[in-house]
Amino acid sequence: MSQVNAARRRVLPGFGLTLGYSVLYLSLVVLIPLSALLLNSTGLSWDKFWHVATDPRVLASYKISFLTSAAAALIDSILGLLIAWVLVRYEFPGKRLFDALIDLPFALPTAVAGVALTALYSQNGWIGSLLEPLGIKVAFTQLGITIALMFIGIPFVVRTVQPVLQDAERDAEEAAATLGAKRFRTFRTIILPELIPPLLTGFALAFARGIGEYGSVVFISGNMPMKTEIAPLLIMSKLEQYDYAGAAAVAILLLLISFLLLLVINSLQRWTRRSVR
Amino acid sequence: MVHVWRRKQIVRRGVSAGLALLLTAALAACGNGSGSGSTDKEAGGTTEGKSTEAQADSSAKPVELLNVSYDPTRELYENYNKAFATYWEKEKGQKVTIKQSHGGSGAQSRSVIDGLEADVVTLALGYDIDAIQKKGLINEGWESKFEHNSTPYSSTIVFLVKKGNPKNIKDWGDLIKGDVEVITPNPKTSGGARWNYLAAWGYALKQNNNDEAKAQEFVKELFKHVPVLDTGARGATTTFVERGIGDVLLAWENEAMLSVKELGPDKFDIVYPSVSILAEPPVAVVDKVVDKRGTREVAEAYLKYLYSEEGQTIAAENFYRPTLDSVKEKFKDKFHDINLFTLQDVFGTWDETQKKHFSDGGIFDQIYTPGS
Amino acid sequence: MAGTVPMTSVQTSAQASPATTEAAWVKWLLITAAGLAMLWLIVLPLLIVLTEALKKGWDVYVAALADPDALSALKLTLIVALVTVPLNTVFGIAAAWAITKFKFRGKGALITLIDLPFAVSPVIGGLIFVLVFGANGWFGPWLSDHDIKIIYAVPGIILATLFVTFPFVARELIPLMEDQGTQEEEAAVTLGARGWHVFTRVTLPNIKWGLLYGMILCNARAMGEFGAVSVVSGHIRGQTNTLPLHVEILYNEYQFSASFAVASLLLLLALVTLLFKSWLSWKNAH
C-alpha cells in the first residue's frame with residue numbers, strides 16, 4: 001500500500017503548489033479570523049468560560065440546535081437522495097426546471113426564507129391553516145425550526161449526490177443485472193455503497209449549516225427560552241449586551257462540537273470508501 | 001533526507017506562489033471596491049489635510065453626513081433629511097447629503113464602536129450611546145449637549161389590539177388575565193422591548209406601592225402570556241399583524257400608529273394604558289468622527305434643527321411626540337395625554353437598569369430560569 | 001477541451017439499456033415522490049415569495065426593482081459574487097487536487113477545516129472580521145491611520161462572503177475526484193503529459209459538472225448571504241447595502257411587496273446562472 005502511494009506522489013505533479021496554496025488560503029480566509037474569536041474569549045477565565053458556556057439556558061439551546069439540525073439533515077438525506085436519483089436517472093417533462101429549482105434555497109436570503117416559511121406555516125398560512133384543525137402546530141415550535149433547516153440544507157445533499165451518481169460506472173450495475181440480480185438488490189449492494197460517501201458529506205454539510213443558521217430560523221422559531229431558542233440567537237443576545245467574550249464563548253463551544261462531529265462524519269465517510277474499494 | 005528536503009522546498013515554493021496569486025486577487029478586489037462608488041472616498045477617505053481645507057471654505061464644498069439610527073426612524077429621517085438639506089443650503093449655501101443607516105439599536109451602536117464612521121447617532125436608548133461614549137468616541141456629558149436630555153422627540157409604550165378590542169384590554173392588568181396572549185419582542189435583543197418591559201414594571205410598582213417583589217411577580221406573569229419572542233420590534237409587529245398571533249401587541253406609540261396607517265385602519269385599535277413610560281430615544285454627535293472629518297458644524301446643526309419648528313413638525317407627523325410647546329399644541333389631538341413616568345424617576349440610570357434587569361442572570365433571565 | 005474525453009455521455013447510453021432501469025411504475029412512483037418533496041420543500045416557499053411580490057401588481061414590482069437603492073444594491077451584489085466565486089473556485093480546485101490525488105498526514109483534519117465555515121453561524125462569520133479589522137480589532141488602528149476601510153465597506157463584505165462560501169467548490173469536488181481515483185492522470189503522466197496538461201485534458205473534463213455545481217452553489221450563496229454581510233456592511237443606504245440587506249430594509253419599512261419583489265430578483269439571478277449551466281451542457285452534447 002505505502003509503496004503505491006510513494007509511487008503516486010512521484011507520478012502526479014502539483015502537490016506542493018496545491019497543498020501550499022490551499023493551506024495558505026484557508027489560513028487567511030478562515031483560520032486567522034477564527035482565531036480572533038478564540039483570542040477574544042481568552043478575556044474570560046476558565047471558570048467564567050465554563051460558567052457561560054454551560055448555563056442551563058445555553059445548554060438547552062445547544063440541545064435544540066443539534067437535535068433540529070440532525071433531524072433536518074437526516075430527512076434531507078433521504079429526500080435528497082430521492083431527488084438526485086430521479087434527476088440523474090430518469091427523463092421526464094419539466095426536468096430542467098426541476099433541476100434548476102434545487103439551488104434556489106441558497107439564493108434566497110435566509111431572512112426571506114424565514115418570512116416565507118412562517119407565512120406558509122403560521123395558523124393563517126396555506127399549510128398552517130390545514131394543519132391547525134389536526135392539532136399540529138409547526139410555526140413557533142421545534143418542528144418549524146426543523147422545516148426551516150430542511151429548506152436551507154436540501155441543496156447540499158442533492159448537489160453532492162448528483163455528480164457522483166452521474167459519474168457512477170454503470171458496468172457493475174449492468175453486470176449484476178445480467179447475472180440476474182433483482183433491481184432492488186443491485187441498488188442495495190452496488191449503487192448504495194457508492195452513494196454512501198457523498199450522502200454522508202451531504203448530511204454533514206446540511207447538519208453543520210443547520211447548527212449555525214440564524215436568519216431563517218428566528219422568524220419561525222418563536223425564540224422561547226428553553227423551548228425554541230437556538231444557540232446562535234443566544235450569541236446575538238450576548239452581543240447586544242456588548243459581551244463579546246461571552247458571545248465568543250458560546251460560539252466556540254458550538255464550533256468545537258460541530259468540528260468534532262464533522263471530523264467523525266468525515267472519517268466515517270473515508271472509512272466507508274476504503275471498505276467499499 | 002534529500003527527498004524530505006525537496007518536499008519542503010516544493011511546499012515553500014507552493015506557498016509563495018499561492019501568496020502571489022492571493023495578493024493579485026486581493027488587489028483586484030480592492031480595485032473593484034473603490035470603483036464601486038466614488039462616494040466611498042468622500043464618505044470616509046478624507047485625510048486630515050483635506051478636512052481642514054473643507055472647514056475653511058465649507059460654504060462651497062458639498063458635505064456628506066452619516067446618520068446611524070435604529071429601525072423605526074426610517075420614515076422620520078427620510079423626510080427630515082430633505083428638510084434639513086434645504087434649510088442648510090439656504091442658510092450656508094452648502095450642499096449636504098445625509099446617508100442613513102438603520103438596524104437594531106444595539107447592533108448599530110456596536111458598528112459605530114467598531115469603526116462605522118457615523119457623524120451623528122440617533123438611537124433607541126441612552127444605554128447604546130453610553131456604550132459608544134465609554135469607548136471614547138463621544139465626549140462625556142453628551143446628554144446635556146442638547147435640550148431635554150438630548151432627546152428631541154419622545155414616545156411611549158401603548159397597546160395595539162384587534163379592531164373593537166374583543167378581549168377588552170384596557171390597562172396593563174388586563175394583559176395577564178385568562179388566555180390573553182401578548183406579543184412583545186425579546187428585551188435581550190431589542191431596545192424597544194426593553195421599554196415595554198420597563199413600562200410594565202413601572203405600572204406594577206405603582207400598583208403595589210413600590211413593592212419590587214410584586215412587580216417582579218407581575219412581569220413574570222406577563223411573560224407567561226407571551227407565545228413568541230421576536231428579536232426585533234418590527235418582527236413582533238409582523239407576527240401580530242400579518243400572522244394574526246396574539247391578542248395584544250406592546251409597541252412604541254409611533255410604531256403602533258404607523259402600523260395602523262400602513263397596514264389597515266379598519267383592522268386595529270390603539271389602546272392607551274393608565275400609565276406608561278416616557279421613552280426617550282436620544283441623539284448625539286460622534287465627536288471623534290466629526291473632528292476627524294471636519295463636519296462638526298454641520299453635524300451639530302443637523303441635530304439642533306431637530307428641535308426647530310420644522311423638525312418638530314416632521315417628528316410629530318411621523319408619530320413621535322414633539323417636545324416644542326408650539327408644535328405640541330398643534331398636534332394635541334393626535335397624542336393622547338397619558339400619565340408618563342421617566343426612566344430616571346423609577347429606575348435610575350441605564351447602566352443600573354441594564355445590570356439589574358437585562359444582563360445575563362438579571363431579572364429578565366430569572367423569569368425563564370426553570371424552577372423559579 | 002470539450003470532447004477530448006468522451007466519458008460524460010455515459011448517461012445517455014445507459015438510458016437505453018433496459019437491464020439497469022426500474023419497472024415503469026417504480027420510475028413514476030419515484031418521480032412523483034420526488035416531485036412532491038420538491039413541491040413541499042422548495043416550490044411552496046418560492047410561490048409565497050412570488051405571490052407576495054406581485055400582490056400589489058406589476059407596477060409596484062417594477063418600481064421596486066428600478067429604485068436607485070435597489071440598483072446600487074444589485075451592483076454591489078454582482079461585484080461581490082464576481083470576486084468571491086473565482087477566488088473560491090481556484091482554492092477549491094487546488095484543495096481537491098491536493099487532497100484526492102495525494103496521501104498525507106492530517107488529511108481528515110484538513111477536510112474538516114474546509115467544512116468549518118458551514119458550521120460557523122453567519123453572524124460569527126461576520127463578527128470575526130470585525131474583530132480583526134474593526135476599529136478595536138488587530139489591524140484597526142493601523143488601518144484607520146492609513147485611511148483604509150475594510151469593515152463597513154466593500155472589502156469587508158467581500159471577505160465575509162468569501163468566508164461563508166468558502167467550502168462550496170472544494171466540497172463538491174472532493175468526493176467526486178476521490179471517486180474517480182488517479183489512474184487516468186497517472187496514465188497521462190507516464191505517457192509524457194505535463195502537469196497543467198494533465199489537469200486541463202484529463203481531470204477537468206471529468207470533474208466539470210461537479211465544478212460547475214460547486215460554482216453555481218457558491219454563486220447563489222454569495223448573492224444570497226445575509227447574516228454575515230449584515231454584520232460587516234454598516235447598512236449605509238445606496239453604498240454598502242447588498243440585495244439581501246435591501247430586502248430586509250424594505251420589509252422593515254412595511255413595503256412587503258417591494259421587499260419580496262427584490263427577493264424574487266435574487267431568485268431570478270440564480271435561475272440565470274442555472275440556465276447558463278443548462279446551455280453549457282446543451283452545447284457540450286452537440
Side-chain angles (χ1 to χ4, degrees), chain A residues 5 9 11-15 18-19 21-22 25 29-30 33-34 36-37 40 79 82-83 86 90 92 96 100-101 103-104 106-112 116-117 119-120 151 154 159 163-164 170 173-174 177-178 183 197-198 201 205 208-209 211-212 214-215 232 236 251 258 262-263 266-267, chain C residues 14 19-20 22 27 30-31 33-34 37 41-42 44-45 48-49 91 94-95 97-98 101-103 108 111-112 115 117-124 128-129 131-132 162-163 166 175-176 179 185-186 189 195 209-210 213 217 220-221 223-224 226-227 244 247-248 263 266-267 270-271 274 278:
Chain A
N5 291 328
R9 200 177 290 138
V11 171
L12 288 183
F15 177 71
T18 52
L19 186 67
Y21 178 72
S22 303
Y25 187 79
V29 178
V30 177
L34 270 181
L37 187 69
N40 211 263
L79 293 180
L82 176 72
I83 292 171
V86 165
Y90 304 138
F92 54 94
R96 277 275 151 72
L101 287 174
D103 294 325
L104 294 187
F106 279 150
L108 203 62
T110 49
V112 178
L117 287 169
L120 204 53
F151 178 80
I154 187 83
R159 292 307 190 212
V164 175
R170 285 289 182 97
E173 268 181 69
E174 274 171 37
T178 42
R183 184 67 191 146
T201 306
L205 296 185
R209 175 89 161 80
I211 290 170
Y214 174 78
M236 280 304 269
S258 349
L262 283 174
L263 199 65
N266 281 337
S267 330
Chain C
T20 52
E22 291 75 24
K27 174 183 158 185
L30 289 178
I31 292 178
L41 257 188
I42 297 177
L44 273 179
I48 287 267
V49 173
F91 160 75
W97 181 269
K101 305 293 180 194
F102 303 94
K103 272 218 154 178
I111 296 180
T112 309
D115 283 346
F118 281 146
V120 176
S121 185
V123 176
I124 294 293
I128 54 177
F129 290 102
L131 291 178
V132 175
L162 269 182
F163 179 87
F166 180 82
L176 185 66
D179 211 51
E185 282 86 356
E186 276 162 9
V189 169
W209 295 123
Y213 279 144
L217 293 186
R221 189 90 162 78
M223 293 196 298
F226 171 78
V247 169
E248 192 219 10
L266 275 167
L267 295 177
L271 274 176
L274 291 163
S278 294

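Letters A, B, ... are given to chains in the order of the sequence lines, protein chains preceding strands, and every chain is numbered from 1.
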Between C:A119, C:A270, C:P117, which residue shows the highest count of heavy-atom pairs closer than 4.5 Å to chain A?
-> C:A119
Among A:L104, A:V112, A:L101, which residue meets the side-chain contact (heavy atoms from CB on, under 4.5 Å) test with C:L267?
-> A:L104
Distance flag, aromatic centroids of C:F166 and C:F91, threshold under 6.0 Å | yes
Of the backbone (N, CA, C, O) and the side chain (C-beta and beyond), which part of A:L34 lies under 4.5 Å from a heavy atom of chain C, both, or neither?
-> both
Name the option with the most non-hydrogen atom pairs under 4.5 Å to chain A; the candidates are C:I31, C:V132, C:L266, C:I42.
-> C:I31
Closest contact, heavy atoms only, A:I211 versus A:P232 = O-CG, 3.5 Å
Of the listed residues (A:A100, A:A111, A:G215, A:A119), which shares the most heavy-atom pairs with chain C below a 4.5 Å separation?
-> A:A100
Taking every heavy-atom pair that is under 4.5 Å apart, which of C:G195, C:A220, C:A95, C:G108 has the most such pairs with chain A?
-> C:A220
C:V247 versus chain A, the contacting section by heavy-atom distance below 4.5 Å | side chain
Contact class of A:T110 relative to chain C, heavy atoms under 4.5 angstrom | both
Between A:S22, A:S267, A:A251, the one whose heavy-atom pairs under 4.5 Å with chain C are most numerous = A:S22
Toward chain C, the part of A:I154 with a non-hydrogen atom under 4.5 Å = side chain
In Å and rounded to the nearest 0.5 Å, what is the CZ to CZ distance from C:R221 to A:R209?
-> 3.5 Å
C:P45 versus C:L41, closest heavy-atom pair with distance = CG-O, 3.4 Å
Taking it one step at a time, do C:F226 and A:Y214 satisfy ring pair (Phe, Tyr, Trp, His ring centres under 6.0 Å)?
-> CA-CA 10 Å; C:F226 171 78; A:Y214 174 78; 8.5 Å; no
Residue pair A:F106, A:R159: steps toward the side chain to side chain contact (heavy atoms under 4.5 Å, CB included) verdict | CA-CA 12 Å; A:F106 279 150; A:R159 292 307 190 212; 5.8 Å; no
Okay, A:L262 and chain C: the region with an atom under 4.5 Å from a heavy atom over there is both
